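All residue numbers refer to positions in the sequence shown, counting from 1. Keep in mind the model is a prediction, meaning the values are calculated, not measured.
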Amino acid sequence: MTRWTRQAPYVKILHGDVFRSGLRSHAPDLCNGCNRMATIRKRTLPSGKSVWLAGYVDGEGKRRFKQFPTKKEADAFLTRAKSEVAAGSHVPDRTASTVDQAYALLITALKADEAARSTIENYRTYYGGHVRPFLGTRFLPKLHPADVGDWLERLRVDGRTDDTCRRARIVLGAVFDEAIRRRLAFTNPVRSLRSRRKTRRAEIRDAEDTIRVPERESVRALLAAAADVEGLFLVARERSTSGLRTIEVRRVVPGHPIKALRAFRADHVGAEVEAFRPTPWLRPMLATMALAGLRIGEARGLAWGRVMPEHLEVREGVDRFNSLDRVKTVAALRNIPIGPQLATILGNWRAINGRSEGLVFPSDAATPLGYPNIVNRQIGPLQIALGIVAVDGSPRWTPHSFRHFAVSLWIDEGANIKQVSEWAGHESPEFTQRVYGHLFSAGRADRRAATAGELSVLGSIEPATQAQHGNDNAVKSSTAATI
């Protein structure tokens, strides 16, 4: 039976209705959970300003208050707070953490999990340059998907590339994941952000902006030139409005390299002159990346104990700090089949190098080769010497381009998507399809089908004329055309 006692009049919200009563009930509260003791009242501040005070009980049973200039805002907040308390996802503003605080916890967690040094450094770089200046002081519960979308738009307006925006978005998503794990937030606005539907022109640009793969002729020329360890290449270039333009490339016998370089400079006064000589490890390293699809860090960390007659075992890698450690993902732990050609190239390099233990491509001090040494002193100058350059005169291909080349070879020779994904060390076949799907749809089978269709109509292949670039498109026989 309910007992009633006389108390001072007070305002009580019961099932959404406000009553002024002189009685207080000791009966069980009819409002369940988050609706219990939810009130809105008008308050006059000492300054004389009137505000509306919203009061409620949070998930821990503590009484919370927040004031608003209008009753409409207070009522909207109270409705949202009650639903969050009922769902167990409410974080009061007084106890809310900022994005900066959640990021510090993420870095602590990564260090405790012994994450790779390069991974932690990447998080620091992208957070410090692209997240902290815009969102660092914002409270986690106050960030919504629309705020994340506005932030990404501002990054693009400020000149950040799509790749930079993508990486910064990944970092912010990881920050919220860690905050959710520690119950500092309950939703991840980055994961909830819906991408805007692309315009037709944007879809066309994305379709054209596919992975660029080196041509077989280019890779063949690079491997052949890299084997010329007895030659010294002298390159003269001049600056133009579009970049550096090659004037002359001269190969000399390095009997008197200094004398040859002085004479070459005398022939090209005012030009930028460089000398390049392939190192003995350049060709086997290029072949390993182009035929086995190793990442540059994996090639630098490859040990002779991982080189088998018919496959390579990928277990270690070298990061940008030149530290040798285990590969960063489970998918990167893999065995890659190799053919007799690559096996012979590596075997010959072992005989020349005179080492059967340690790194396959070590420095003179038996440490991993530095990335700048490989790119700036070998792969880059080799392409310049052969004229494989972009419009601005820079080397056309990066070390990662040769990994794309290996994947394209596997696809072109009929490997299925699951095999390619495993050999490349991708996280899933879906990732392989997303990156290399256009190569699967343009494989050798398409060329064979098109050739068969043409032969069924024409009966034979017409001989090329002299106008066709000096007969470089001519095919000697119908058998050769279908290979």
Side-chain angles (χ1 to χ4, degrees), residues 163 206-228 233 235 243-244 246 249 276 278-279 281-300 302 312 314 336-339 341-342 345-346 349 361 369 371-415 417 419-421 423-426 431-444 446-447 469 472-473 483:
D163 184 68
D206 290 346
E208 293 176 342
D209 189 22
T210 55
I211 295 295
R212 296 190 306 117
V213 180
E215 303 86 359
R216 296 196 185 198
E217 293 75 13
S218 297
V219 175
R220 188 180 298 114
L222 288 169
L223 290 174
D228 187 11
F233 295 88
V235 182
L244 286 171
T246 301
V249 178
F276 162 68
T279 60
W281 52 258
L282 179 57
R283 183 170 185 264
M285 175 175 275
L286 273 177
T288 302
M289 292 188 294
L291 301 178
L294 266 64
R295 301 176 176 92
I296 181 65
E298 295 169 345
R300 294 160 64 199
L302 182 65
L312 302 180
V314 180
I336 306 174
I338 61 174
Q341 295 277 26
L342 180 55
I345 292 174
L346 292 175
W349 166 236
F361 308 109
L369 287 170
Y371 183 85
N373 185 20
I374 298 172
V375 177
N376 300 333
R377 297 184 180 180
Q378 291 296 316
I379 296 180
L382 177 64
Q383 295 182 71
I384 294 174
L386 295 178
I388 305 176
V389 295
V391 176
D392 61 354
S394 61
R396 186 178 180 188
W397 307 114
T398 67
H400 205 73
S401 301
F402 300 105
R403 172 173 164 83
H404 296 323
F405 177 80
V407 173
S408 71
L409 280 183
W410 297 333
I411 295 172
D412 200 35
E413 295 302 329
I417 191 169
Q419 288 175 317
V420 173
S421 180
W423 297 344
H426 291 160
F431 177 86
T432 308
Q433 176 65 35
R434 187 166 65 250
V435 177
Y436 298 101
H438 63 289
L439 297 180
F440 280 97
S441 61
R444 178 173 293 186
D446 291 349
R447 180 65 183 273
H469 307 287
D472 60 358
N473 291 329
I483 292 179

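- No side-chain heavy atom of I384 sits under 4.5 Å from any side-chain heavy atom of F233.
- The structure places CG of L439 at 9.0 Å from CG of D412, a figure rounded to the nearest 0.5 Å.
- For the residue pair A225 and P278, the shortest heavy atom distance occurs at O-CG, 3.7 Å.
- Residues I379 and P395 form no side-chain contact, since every pair of their non-hydrogen atoms from C-beta on lies 4.5 Å or further apart.
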(request) Please assess V314 against L302 for the test side chain to side chain contact (heavy atoms under 4.5 Å, CB included), listing each intermediate value before the final yes or no. (result) CA-CA 7 Å; V314 180; L302 182 65; 5.8 Å; no
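- Considering every non-hydrogen atom in both L312 and A292, the closest pair reads CD1-CB, 3.8 Å.
- T432 OG1 to W410 CH2: the interatomic distance, rounded to the nearest 0.5 Å, is 10.0 Å.
- Between W349 and F361, the two ring planes are parallel [angle under 30°; tilted spans 30° to 60°].
- Residues A415 and W423 share a closest heavy-atom pair of CB-CZ3, 3.9 Å.
- Between P381 and V235, every side-chain heavy-atom pair lies at or beyond the 4.5 Å cut-off.
- V249 approaches A385 most closely through the heavy-atom pair CG1-O, 3.5 Å.
- M289 contributes atom CE, which lies 11.5 Å from atom CD of E298 (distance to the nearest 0.5 angstrom).
- One distance of note links CZ of R377 with CG of L382; it measures 16.0 Å at 0.5 Å rounding.
- Using a 4.5 Å heavy-atom threshold, the side chains of L291 and I338 count as separate.
- Considering only heavy atoms from C-beta on, V435 stays 4.5 Å or farther from V407 through its side chain.
- Put simply, the side chain of T288 gets close to the backbone of P284: a donor and an acceptor are under 3.5 Å apart.
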(message) One pair to check against side chain to side chain contact (heavy atoms under 4.5 Å, CB included): R216 and L409. What are the steps and the verdict?
(response) CA-CA 9 Å; R216 296 196 185 198; L409 280 183; 3.5 Å; yes
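- A221 and L386 get closest at one heavy-atom pair: O-CD1, 3.7 Å.
- Scanning both residues, V213 and H404, for their nearest heavy atoms gives CG1-O, 4.0 Å.
- I296 is not listed as a side-chain neighbour of R403, based on a closest heavy-atom distance of 4.5 Å or more.
- Remark: side-chain polar atoms of Q383 are paired, donor with acceptor, to backbone N or O of W397 under 3.5 angstrom.
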(request) Would you sort out whether Y436 and I411 count as a side chain to side chain contact (heavy atoms under 4.5 Å, CB included), showing the intermediate values? (result) CA-CA 9 Å; Y436 298 101; I411 295 172; 4.0 Å; yes
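- Residues I388 and L222 are in side-chain contact: their nearest non-hydrogen atoms beyond the backbone lie under 4.5 Å apart.
- The CG atom of L294 lies 14.0 Å from the CZ atom of F402; values are rounded to the nearest 0.5 Å.
- In this structure, F276 and Q378 have side chains that are in contact, with non-hydrogen atoms separated by less than 4.5 Å.
- Residue-environment remark: CZ (R396) exceeds the threshold of 12 foreign heavy atoms within 6.0 Å.
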